Amino acid sequence: MEKGADPCSSTSAASPSSPSSPSSPSSPSSSSTPKLKEQLLCPICYDPFREAVTLPCGHNFCKGCLSRSWENRRHACPLCKENSSLADLRVNHTLSNLVELVLRDEGQGRARPALCAAHREEPKFFCLEDKELACFACQNSKRHEGHKMRPVREAAADFRAESARLERQVKWEFEKLHKFLRDEEQALLEQLWEETRQKQDLIQGKMEQLAEESQALLNEAGQLQADLKEDDYTFLMTHKNRKRRIACTAEEPEAVPSGMLLDVAKYLGSLQYNVWKKMLDTITAVPFSLDPNSAAGWLSVSEDLSSVSNHGYKLSVENPERFTSAPCILGSRGFSEGFHTWEVDLGGLTNWRVGVCRPHRASDCTFHHDSRSGFWYIYHLYGKDECRASNTVRSEAAPGNLRRVRVELDCTEGELSFYDADLRSHIYTFHEKFGGIVFPYFYVGGPQGGATAKTLRICPLRVRIHEDIPT
């Protein structure tokens, strides 16, 4: 084959109805079908040809793909670089018909996506910023300027994988609750069965005792009948012993003891409420979860979204909420009014930040996060002997490293205060007008010198139950 020759050129010259063609689309062989499909793909977009056109050099392209490739460039074949012009384009009806025929045979002819409303072109990309489909022309439009784009197939595969993972996690969380309820049901039923067995054994013992006493009375009655038939002398001689014997045999029957019935209230009284209270001991509630969509590529978030650690950089699904320049993550809940508080267990981290920030897109975030760019926090650096604040002068906030930090955010007063939760001592307070909603913000530094990665954790809430007394 001549250097630079297009493998599709032979397709454009051959008639699809030629009897000499072994790969006629009306009856393609199983071995030739994959090769045939390869011949029907545009070398630019790698999709089946749309409005196929042929250049003088013999190469075939989608009309739209070729027009875009020539925008602000020399008009030349994208494959062999031979000069051409718009006047040289020839619509390849044969190739277009062949594509339509094959797609229709495969049931794909009616599955083409809707065209872009703005440019009337097939969308090939997904805008991660605006969460919408985009065509080639949209890429360079002002509306999507600077936005991250992903090919539709890649974006769909990523979102499907994330959706499947999320579905599995939701099912697992509910399965834990279901297992707890099944275990509680089984434990309560086993208690009921055990009490039933014990009381059945007790009743059976009482019944056997009554049967023995009844038989003794019957025997005594028979003996009395025999005594009545004896002569007067013998009857009187045995009378004293007879009275003693009758007194021992005819004892007062024992009353039915208490507690012989099943304790129904023990098993049914406020059953749902009692199980729910016990469930609280197994559930961890936090003031907010961490947002894995904002987690930088270095960070690994726990399944319950309450803790995070730095295990080194790994590729993650791109999205505009994700931090890209530093190992940072946001809380899932934002605050714009009222008073809010939470505590953070730093888990031995020596390089960390804890505070709040305004909403940011990844493209807007720089590595230097401080109060001027909408970040308010205290921080500690590896090897330093003090914690500092993110204000313009980096004020010293507390000596040494901290283990547990309490954050108090008063949106109404415009105050953000930090406390040493162990010593119950004040560290630093920002007096700011935050200008809208702010989110909890965390920086999780990596381990030093091959040490084990430490974990930052949102401390759970202390849940209390208040039971009203009826009046």
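Remember, it's a predicted structure, so these values are computed and weren't measured experimentally.
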Practice item. Just say parallel, tilted or perpendicular for the rings of Trp342 and Phe335, cut-offs at 30° and 60°. Key: parallel
Exercise for review: Classify the ring geometry between His178 and Phe174 as parallel (under 30°), tilted (30 to 60°) or perpendicular (over 60°).
Suggested key: tilted
Exercise for review: Dump the intermediate steps for side-chain contact (heavy atoms from CB on, under 4.5 Å) on Ser69 and Ile44, then the final yes or no.
Suggested key: CA-CA 9 Å; Ser69 72; Ile44 296 178; 4.2 Å; yes
Has [X] got a side-chain atom pairing as donor or acceptor with [Y]'s backbone, closer than 3.5 angstrom?
| X | Y | value |
| --- | --- | --- |
| Arg322 | Ala295 | yes |
| Ser309 | Ala453 | no |
| Arg388 | Arg394 | yes |
| Ser163 | Arg160 | no |
| Thr341 | Val407 | yes |
| Asp410 | Glu415 | no |
| Asn351 | Gly446 | no |
| Ser96 | Asn92 | yes |
| His380 | Lys384 | yes |
| Lys199 | Leu261 | yes |

Just checking [X]: does its [atom1] atom have more than 12 heavy atoms from other residues, nucleotides or ligands closer to it than 6.0 angstrom?
| X | atom1 | answer |
| --- | --- | --- |
| Gln198 | CD | yes |
| Glu51 | CD | no |
| Lys63 | NZ | no |
| Gln272 | CD | no |
| Tyr267 | OH | yes |
| Glu337 | CD | no |
| Arg403 | CZ | no |

Could you state the interatomic distance from [atom1] ([X]) to [atom2] ([Y]), rounded to the nearest 0.5 Å?
| X | Y | atom1 | atom2 | answer |
| --- | --- | --- | --- | --- |
| Glu184 | Trp276 | CD | CH2 | 14.5 Å |
| Cys77 | Trp70 | SG | CH2 | 8.5 Å |
| Ile427 | Ile378 | CD1 | CD1 | 4.5 Å |
| Tyr313 | Leu299 | OH | CG | 11.0 Å |
| Ser425 | Arg406 | OG | CZ | 12.5 Å |
| Ile437 | Cys357 | CD1 | SG | 10.5 Å |

Practice item. Would you check, one step at a time, whether the test side-chain contact (heavy atoms from CB on, under 4.5 Å) holds for Leu456 with Phe442? Key: CA-CA 9 Å; Leu456 180 147; Phe442 309 94; 4.0 Å; yes
Do the side chains of [Y] and [X] get nearer than 4.5 Å, heavy atoms only?
| X | Y | result |
| --- | --- | --- |
| Phe434 | Ser336 | no |
| Phe375 | Arg353 | no |
| Pro43 | Pro78 | no |
| Arg50 | Glu121 | no |
| Asp291 | Phe439 | no |
| Leu188 | Leu271 | yes |
| Pro447 | Thr452 | no |
| Glu408 | Phe339 | yes |

Check your understanding: Between Tyr377 and Tyr443, is the gap from one ring center to the other below 6.0 Å?
Key -> no
Exercise for review: Could you walk me through whether Gln204 and Gln200 pass side-chain hydrogen bond (donor to acceptor under 3.5 Å, both in side chains), step by step?
Suggested key: CA-CA 6 Å; Gln204 182 64 30; Gln200 285 179 339; over 6 Å; no
Of all heavy-atom pairs between [X] and [Y], which one has the smallest distance, and what is that distance?
| X | Y | value |
| --- | --- | --- |
| Ile458 | Val286 | O-CG1, 3.8 Å |
| Leu349 | Asn401 | O-ND2, 2.9 Å |
| Glu195 | Leu262 | OE2-CA, 3.7 Å |
| Phe49 | Val99 | O-CG1, 3.7 Å |
| Cys387 | Trp352 | SG-CZ2, 3.8 Å |
| Arg150 | Ala155 | CB-CB, 4.1 Å |

State plainly whether the residues [X] and [Y] are in salt-bridge range, i.e. N to O under 4.0 Å.
| X | Y | answer |
| --- | --- | --- |
| Arg182 | Glu185 | no |
| Glu167 | Lys171 | yes |
| Asp183 | Lys278 | no |
| Glu194 | Arg197 | yes |

Study note, to complete from the structure: Taken in chain and number order and not counting sequence neighbours, the residues that satisfy side-chain hydrogen bond (donor to acceptor under 3.5 Å, both in side chains) with Lys314 are Ser300
Practice item. Please list, chain by chain and in numerical order, all residues satisfying side-chain hydrogen bond (donor to acceptor under 3.5 Å, both in side chains) with Arg457, sequence neighbours excluded. Key: Asp345
Point to revise | salt bridge (Lys or Arg N to Asp or Glu O under 4.0 Å) assessment of Lys142 paired with Glu145 | key: CA-CA 5 Å; Lys142 185 176 181 180; Glu145 185 176 359; over 6 Å; no
Exercise for review: Please test Lys124 against Asp47 for side-chain contact (heavy atoms from CB on, under 4.5 Å), starting from the C-alpha separation and ending with a verdict.
Suggested key: CA-CA 10 Å; Lys124 299 291 185 181; Asp47 276 341; 2.3 Å; yes
Review point. Going through the checks in order, is the ring-ring contact (aromatic ring centres under 6.0 Å, His included) test met by Tyr441 and His369?
Key: CA-CA 11 Å; Tyr441 165 78; His369 299 165; 5.8 Å; yes
Review point. Can you check side-chain contact (heavy atoms from CB on, under 4.5 Å) on Arg358 and Trp376, steps first, answer last?
Key: CA-CA 9 Å; Arg358 295 195 189 105; Trp376 299 273; 3.7 Å; yes
